[in-house]
Amino acid sequence: MAMSRNISLLLYVTLMLIVLTANQAESQSSQPQIQSGHSMQGASQGSLHPQECGPRCTMRCSATQYKKPCLFFCQKCCAKCLCVPPGTYGNKQLCPCYNNWKTKRGGPKCP
């Protein structure tokens, strides 16, 4: 009787591990993918250190003709949110704080 209970418990634990592993693999495969080859590190809120903002903002503002204001606001946003979306434009949904910070007029504060 005790032997069958131990086997049942072992089967239950094994089944739970399989389910957890499958769920983890599924959630990892559903993460957003960046097609342009940019690193995802620093794209989620709070994943950067303040000293990493400069290089990230330089990359973010590299394609604009308004570099000074872009760098100013990008660094301000990065200091608050500790993230900068990958690429030179868009991808703001990867950093909600960066995306949702608005000016007094309701426009986007972060480039």
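Just so you know, these numbers use all the heavy atoms, side chains as well, and skip hydrogens, waters and symmetry mates.
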Side-chain polar contacts of residues 71-86 - donor-acceptor pairs under 3.5 angstrom, sequence neighbours left out - could you list them?
none

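Between Ala63 and Lys67, the shortest heavy-atom distance links the atoms N-NZ, 4.2 Å. The nearest pair of heavy atoms linking Thr103 to Pro108 is CG2-O, 3.9 Å.
Checking side-chain atoms of Lys109 against main-chain N and O of Asn99 turns up no donor-acceptor pair under 3.5 Å.
Inter-residue side-chain proximity for Thr88 and Arg60 is flagged as unmet; no heavy-atom pair is nearer than 4.5 Å. Between Gln93 and Tyr98 the shortest side-chain heavy-atom distance does not fall below 4.5 Å.
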